[in-house]
S.K.: 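Can you keep this structure in mind? I'll have questions shortly.
By convention in this document, chain letters (A, B, ...) are assigned in the order of the sequence lines, proteins followed by strands, and residues within each chain are numbered from 1.
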Amino acid sequence: MGVVLTRSGGPLSDVVPGPLLAPEELLGPPDAVAPTLLGCWLVTDRPAGRVALRLTEVEAYAGDGTDPAAHSHRGPTPRAAVMFGPPGRLYVYFSYGVHWCANIVVGAEGQGSAVLLRAGDVVVGEELAAARRPAAKAARDLARGPARLTQALDIGPGDKDADLLDPSSSVRLHRGEPPVQVSAGPRVGISVATELPWRFWETGAASVSAFRPGGGPRSRRARQD
DNA sequence: GCTCTGATGGTCT
DNA sequence: GACCATCAGAGCA
């Protein structure tokens, strides 16, 4: 209930996604490409219907050997091989034995860089996304966090290495309206290279995952052994 | 509101 | 066998 309206006043379900991104737009260092992905639309077309969300939070991971937090840091292992593929592919990995998380491969083929998709605002198919995310209590929680984002979009192991730039693909990356303002800060949930401000989010977006301003992520590494 | 913990399994050493 | 690019829910203030 309650039809969400665009700024121009039309129902979002009638909004047509912008053009697909071109591979050239994903070249360059991951920390330079990542903020340009904010505002872009990630769209999944499934038999149950379409869900599209507007990216509001991402993180950059570099494959040039300087970023120990990147899955590609140890080379093209079976899991991380997709990261060394061409830009615009979807790198999906299984996290904590429970969740799937999604990255967009960026940079030149062979580089091993990617951008983790952390959060977005669902703009099309909100009811379908809500059905996939029964724990979400509010619209902003539908895709607030990397694993929640993949749940809302129904992204899973079957989407590994999907070509987001192919118009015939069921998972695609479309250009959207860029945010007015972008913020940057440390990445979440990693234990190395925490000093790099490679997390980017749309300033003020409600769907940006929770973070302690100035305090960093809560430390859970202080457990005794 | 904030903090803490269990769940759960692939990946890599 | 340890380590996770996490989430949801319980407990407490």
S.K.: Can A:Y96 be called stacked on C:dC4 when the rule is centres closer than 5.5 Å and an angle between planes below 30°?
M.R.: yes
S.K.: Taking side-chain contact (heavy atoms from CB on, under 4.5 Å) as the test, write out the residues that go with A:P35, two or more places apart.
M.R.: A:V182, A:F200
S.K.: Is there a side-chain contact between A:R133 and the phosphate of C:dC7, meaning an N or O under 4.0 Å from OP1 or OP2?
M.R.: no
S.K.: Would you say a side-chain N or O of A:S191 is under 4.0 Å from OP1 or OP2 of C:dC3?
M.R.: no
S.K.: Would you tell me if any nitrogen or oxygen in the side chain of A:R118 comes within less than 4.0 Å of OP1 or OP2 on C:dT6?
M.R.: yes
S.K.: Considering only distance and modelled atom types, tabulate donor-acceptor pairs under 3.5 Å from the side chains of residues 104-115 of chain A, sequence neighbours left out.
M.R.:
from	atom 1	to	atom 2	distance (Å)
A:Q111	OE1	A:A108	N	3.4
A:Q111	NE2	A:S113	OG	3.0
A:S113	OG	A:G63	N	2.9

S.K.: Is it the case that C:dA5 (base atoms only) and A:Y93 (side chain only) share a donor and an acceptor within less than 3.5 Å, ignoring hydrogens and angles?
M.R.: yes
S.K.: Rounding to an integer number of Å, can you tell me how far A:L142 CG sits from C:dC7 P?
M.R.: 13 Å
S.K.: Among C:dC7, C:dA5, C:dA8, which is the nearest nucleotide to the side chain of A:L116?
M.R.: C:dA5
S.K.: Looking just at side-chain N and O atoms, do A:D121 and A:S207 make a donor-acceptor pair shorter than 3.5 Å?
M.R.: yes
S.K.: Expressed in angstrom and rounded to an integer, what is the separation of A:R132 atom CZ from C:dA8 atom P?
M.R.: 16 Å
S.K.: Where each pair must be Watson-Crick or G-U wobble with both distances under 3.5 Å, what dot-bracket representation of DNA chain B is obtained, with crossing pairs in [ ] and other-strand partners as |?
M.R.: |||||||.||||.
S.K.: Looking at residues 30-40 of chain A, who's got a heavy atom less than 4.0 Å off DNA chain C?
M.R.: none
S.K.: A:E57 CD to C:dA5 P: how many Å, rounded?
M.R.: 16 Å
S.K.: For A:D67, enumerate each residue passing the side-chain hydrogen bond (donor to acceptor under 3.5 Å, both in side chains) test, keeping only those at least two apart in sequence or located in another chain.
M.R.: A:R187
S.K.: May I have the distance from A:H73 (atom NE2) to C:dC4 (atom P), rounded to whole angstrom?
M.R.: 13 Å
S.K.: Applying ring pair (Phe, Tyr, Trp, His ring centres under 6.0 Å), can you list everything that pairs with A:F84, at least two apart in sequence or on another chain?
M.R.: none
S.K.: Any idea which of C:dA8, C:dC4, C:dT6 is nearest the A:A135 side chain?
M.R.: C:dA8
S.K.: Give every residue pair that meets the salt bridge (charged side-chain N to carboxylate O under 4.0 Å, His left out) criterion with at least one member in residues 68-79 of chain A, sequence neighbours excluded.
M.R.: none
S.K.: Taking 4.0 angstrom as the limit, do A:R54 and A:E177 come out as a salt bridge?
M.R.: no
S.K.: I want to verify a distance call: between C:dA5, C:dG9, C:dT6, whose nearest atom is closest to the A:A147 side chain?
M.R.: C:dT6
S.K.: Rounded to whole Å, please give me the gap between CG in A:N103 and P in C:dT6.
M.R.: 11 Å
S.K.: If we ignore hydrogens and angles and just use 3.5 Å, is the side chain of A:R132 paired with the main-chain N or O of A:Q151 as donor and acceptor?
M.R.: no
S.K.: Once ring pair (Phe, Tyr, Trp, His ring centres under 6.0 Å) is applied, what residue pairs with a partner in residues 98-154 of chain A remain, sequence neighbours excluded?
M.R.: A:F94-A:W100
S.K.: Under 3.5 Å, which protein N or O atoms sit close to an N or O of nucleotides 10-13 of chain B? Give each pair with its distance.
M.R.:
from	atom 1	to	atom 2	distance (Å)
B:dC12	OP1	A:T77	OG1	2.3
B:dT13	OP1	A:R74	NE	3.4

S.K.: Rounded to the nearest angstrom, tell me the gap between atom NZ in A:K137 and atom P in B:dG1.
M.R.: 11 Å
S.K.: Kindly write out the residues that satisfy side-chain hydrogen bond (donor to acceptor under 3.5 Å, both in side chains) with A:D31, not counting sequence neighbours, or none if the list is empty.
M.R.: none
S.K.: Tell me every residue that passes side-chain contact (heavy atoms from CB on, under 4.5 Å) with A:A80, counting only those two or more places apart in sequence or in another chain.
M.R.: A:H71, A:T77, A:M83
S.K.: Just checking A:A69: base, sugar-phosphate only, or nothing, at a heavy-atom cut-off of under 4.0 Å?
M.R.: base
S.K.: For residues 156-170 of chain A, pull every pair meeting salt bridge (charged side-chain N to carboxylate O under 4.0 Å, His left out), keeping only residues two or more places apart or in separate chains.
M.R.: A:R46-A:D159, A:R89-A:D161
S.K.: How close or far is atom P of C:dG9 from atom CG of A:D141, stated in whole angstroms?
M.R.: 12 Å
